[in-house]
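Written below as structure tokens is the structure these notes are about.
Nothing fancy with the numbering, it's 1 onward along the sequence.
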Amino acid sequence: MMSKDHTAHEPEKNSEPNPFTLTTPQGGDTPSIWLITSPHSGHYYPRDFIVKSQLDSQQLRLSEDMHIDALLADVPKTGASLLTATYPRAYVDLNREPYELDASMFSDPLPDFVNKDSTRVLGGLGTIAKIVTERLEIYDRPLEFSEAEQRIEKIYFPFHSCLKQQLEMARDYWGAAYLLDVHSMPSNAVRKFKGGKSGSVDFVLGNRHGRSCDADYYDLVYNFLTDAGYYVEKNKPYAGGYITEHYGKPSEGFHTLQLEVNRKLYMNEASYDLLVNSDEMKNLFSDLISALINKTLEKCLKAAE
């Protein structure tokens with residue numbers, strides 16, 4: 001059993017949808033020690049965004065972590081909370097600083113507080129993306145800063161406010177809080193690697209090279225997946241994005257880990273359809289989170305004795 005928390009975020013009739021969905025375990029008076037996030041699986045594409053884009057709807061979805069929210073749907077049954085995005089990464093990227101923006105995309109000058117020169121901005125993938133994964137440019141006209149500001153204020157900040165609140169509640173109750181940030185990667189992103197059930201890297205674990213979580217939890221995830229027969233890489237080619245880096249503060253009791261799953265394991269990358277055996281991945285996620293919860297609760301309860 002699960003409950004969905006829409007407190008203060010329920011939309012009025014005919015309004016835009018909630019910027020996120022938070023699903024908590026049944027009987028949510030006690031905060032979960034684990035929060036699972038999927039910031040890139042949102043698939044609500046506003047009509048005005050589609051109209052303004054020079055890409056078709058199929059192309060716009062290239063940067064989306066397709067179906068990850070569905071594969072994680074049973075996670076709250078294990079005792080973890082699940083936070084998923086509503087809007088797509090191509091519209092506003094929740095795994096960035098709030099204002100990583102490419103000045104060349106805008107018709108008016110950007111405020112001084114904007115980070116215009118980050119590596120992610122230079123690669124076309126700022127908070128408001130210039131491109132989708134295949135380096136296709138999204139817009140054929142400049143945007144106004146007010147357009148970006150509106151998306152950030154209405155979508156980005158509510159998501160991160162919820163994320164921060166959930167972690168702080170868990171840390172205050174349990175003495176520690178754990179976050180697993182789940183993403184998907186196109187198989188061609190790791191095509192140089194050979195092996196695994198996908199024919200390449202199956203999963204990539206990112207802990208910012210040891211800075212975002214204690215090693216024993218990183219090792220637990222790594223060992224769980226490799227024992228299940230998957231090929232797992234550590235920190236390459238993905239060491240963890242903004243969420244992993246920003247919220248991962250082990251010295252303060254906050255532990256974060258990014259998990260990338262090869263899309264070839266669960267979906268047809270041409271048609272975007274789920275594979276018949278995609279339930280295998282859904283069950284794997286649930287079993288993994290169960291193992292993580294058991295381990296962390298055991299440690300916290302011992303520490304409290």
Quiz prompt | With sequence neighbours excluded, residues passing salt bridge (charged side-chain N to carboxylate O under 4.0 Å, His left out) with E134 | solution = none
Exercise. Not counting sequence neighbours, which residues clear side-chain contact (heavy atoms from CB on, under 4.5 Å) with D287? List them please.
Key: F224
Exercise. Working to the nearest 0.5 Å, report the span between CD of E100 and CG of N115.
Key: 5.0 Å
Quiz prompt | Main-chain N/O of L257 paired with N207 side-chain donor or acceptor, under 3.5 Å | solution = no
Quiz prompt | Atom of M185, atom of V201 and distance for their closest heavy-atom approach | solution = CE-O, 3.7 Å
Self-check item: Whether Y272 side chain and Q58 backbone form a donor-acceptor pair below 3.5 Å
Solution: yes
Quiz prompt | Contacts of type salt bridge (charged side-chain N to carboxylate O under 4.0 Å, His left out), residue K282, not counting sequence neighbours | solution = D74
Quiz item: Is it true that a side-chain atom of S161 and a backbone atom of F157 form a donor plus acceptor pair closer than 3.5 Å?
Solution: no
Self-check item: All side-chain contact (heavy atoms from CB on, under 4.5 Å) counterparts of P111, not counting sequence neighbours
Solution: F113, V114, F145
Quiz item: Roughly how far, to the nearest 0.5 Å, is the CH2 atom of W34 from the OH atom of Y217?
Solution: 8.5 Å
Quiz item: Nearest heavy-atom pair of A85 and L94: which atoms, and what distance?
Solution: CB-CD1, 3.6 Å
Quiz item: Backbone N or O of I243 within a donor-acceptor pair of the N95 side chain at under 3.5 Å?
Solution: yes
Quiz prompt | CD1-OH distance between I128 and Y99, expressed to the nearest 0.5 angstrom | solution = 9.5 Å
Exercise. Give a yes or no answer on whether the side chain of S212 reaches the backbone of T256 with a donor-acceptor pair at less than 3.5 Å.
Key: yes
Quiz item: Is the NZ or CZ atom of K164 positioned over Y247's six-membered ring, under 6.0 angstrom from the centre and within 45° of the axis?
Solution: no
Quiz item: Can E269 and R191 be said to form a salt bridge (charged side-chain N to carboxylate O under 4.0 Å, His left out), step by step?
Solution: CA-CA 14 Å; E269 293 181 89; R191 60 183 179 273; over 6 Å; no
Quiz item: Hey, are the side chains of Y178 and L292 touching, using non-hydrogen atoms and a 4.5 Å cut-off?
Solution: no
Practice problem: Show your reasoning for whether salt bridge (charged side-chain N to carboxylate O under 4.0 Å, His left out) applies to E16 and K154. | Solution: CA-CA 10 Å; E16 294 293 310; K154 291 186 174 182; over 6 Å; no
Quiz prompt | Residue R47 excluded, over 12 heavy atoms near CZ under 6.0 Å | solution = no
Practice problem: Not counting sequence neighbours, which residues clear salt bridge (charged side-chain N to carboxylate O under 4.0 Å, His left out) with D65? List them please. | Solution: R263
Quiz item: Between V92, L83, T84, which is the residue that forms a side chain to side chain contact (heavy atoms under 4.5 Å, CB included) with F159?
Solution: L83
Quiz item: Are any side-chain N or O atoms of T127 and backbone N or O atoms of E97, one a donor and one an acceptor, separated by less than 3.5 Å?
Solution: yes
Exercise. Taking the side chain as every heavy atom from C-beta outward, state whether H40 and D93 have any pair of such atoms under 4.5 Å apart.
Key: yes
Practice problem: Using a cut-off of 6.0 Å, state whether more than 12 heavy atoms not belonging to K116 lie near its atom NZ. | Solution: yes
Practice problem: Identify the two heavy atoms, one from A103 and one from L110, that lie closest to each other, and give their separation to 0.1 Å. | Solution: CA-CD1, 3.6 Å
Quiz item: What distance do E64 atom CD and S184 atom OG have between them, rounded to the nearest 0.5 Å?
Solution: 8.5 Å
Practice problem: Following the transitive rule for hydrophobic clusters with a side-chain heavy-atom cut-off under 4.5 Å over Ile, Leu, Val, Met, Phe, Trp and Tyr, establish whether I293 and F254 coincide in one cluster. | Solution: yes
Quiz item: Taking everything shown except K52 itself, do over 12 heavy atoms lie less than 6.0 Å from its NZ?
Solution: yes
Quiz item: Within the distance-only criterion (no hydrogens, no angle test), does the side chain of Q54 pair as donor or acceptor with the backbone N or O of Y139 below 3.5 angstrom?
Solution: yes
Quiz item: Would a hydrophobic clustering, with Ile, Leu, Val, Met, Phe, Trp and Tyr connected at side-chain separations under 4.5 Å, put L125 with M105?
Solution: no
Practice problem: Report the distance from atom CZ of F203 to atom OG1 of T226, rounding to the nearest 0.5 Å. | Solution: 11.0 Å
Quiz prompt | Salt-bridge contact K299-D216 (side-chain N to carboxylate O under 4.0 Å) | solution = yes
Quiz item: Looking only at atom types and distance, does a side-chain atom of R89 sit under 3.5 Å from a main-chain N or O of V132, one as donor and one as acceptor?
Solution: no
Quiz item: Distance-only, no hydrogens or angles: does the R208 side chain make a donor-acceptor pair with backbone N or O of G240 under 3.5 Å?
Solution: yes
Exercise. Could you tell me the separation between the CG atom of L72 and the OG atom of S41, rounded to the nearest 0.5 Å?
Key: 7.5 Å
Self-check item: T78 side chain vs V75 backbone, donor-acceptor pair below 3.5 Å
Solution: yes
Quiz item: Is it the case that N262 and S187 place a side-chain donor and acceptor less than 3.5 Å from each other?
Solution: no
Quiz item: T24 and S81: side-chain hydrogen bond (donor to acceptor under 3.5 Å, both in side chains), yes or no, with the steps?
Solution: CA-CA 4 Å; T24 56; S81 292; 5.4 Å; no
Quiz item: Do you know the tightest heavy-atom contact between P98 and Y156?
Solution: N-OH, 3.2 Å
Self-check item: Counterpart residues, ring-ring contact (aromatic ring centres under 6.0 Å, His included), relative to Y173 (two or more places apart)
Solution: none
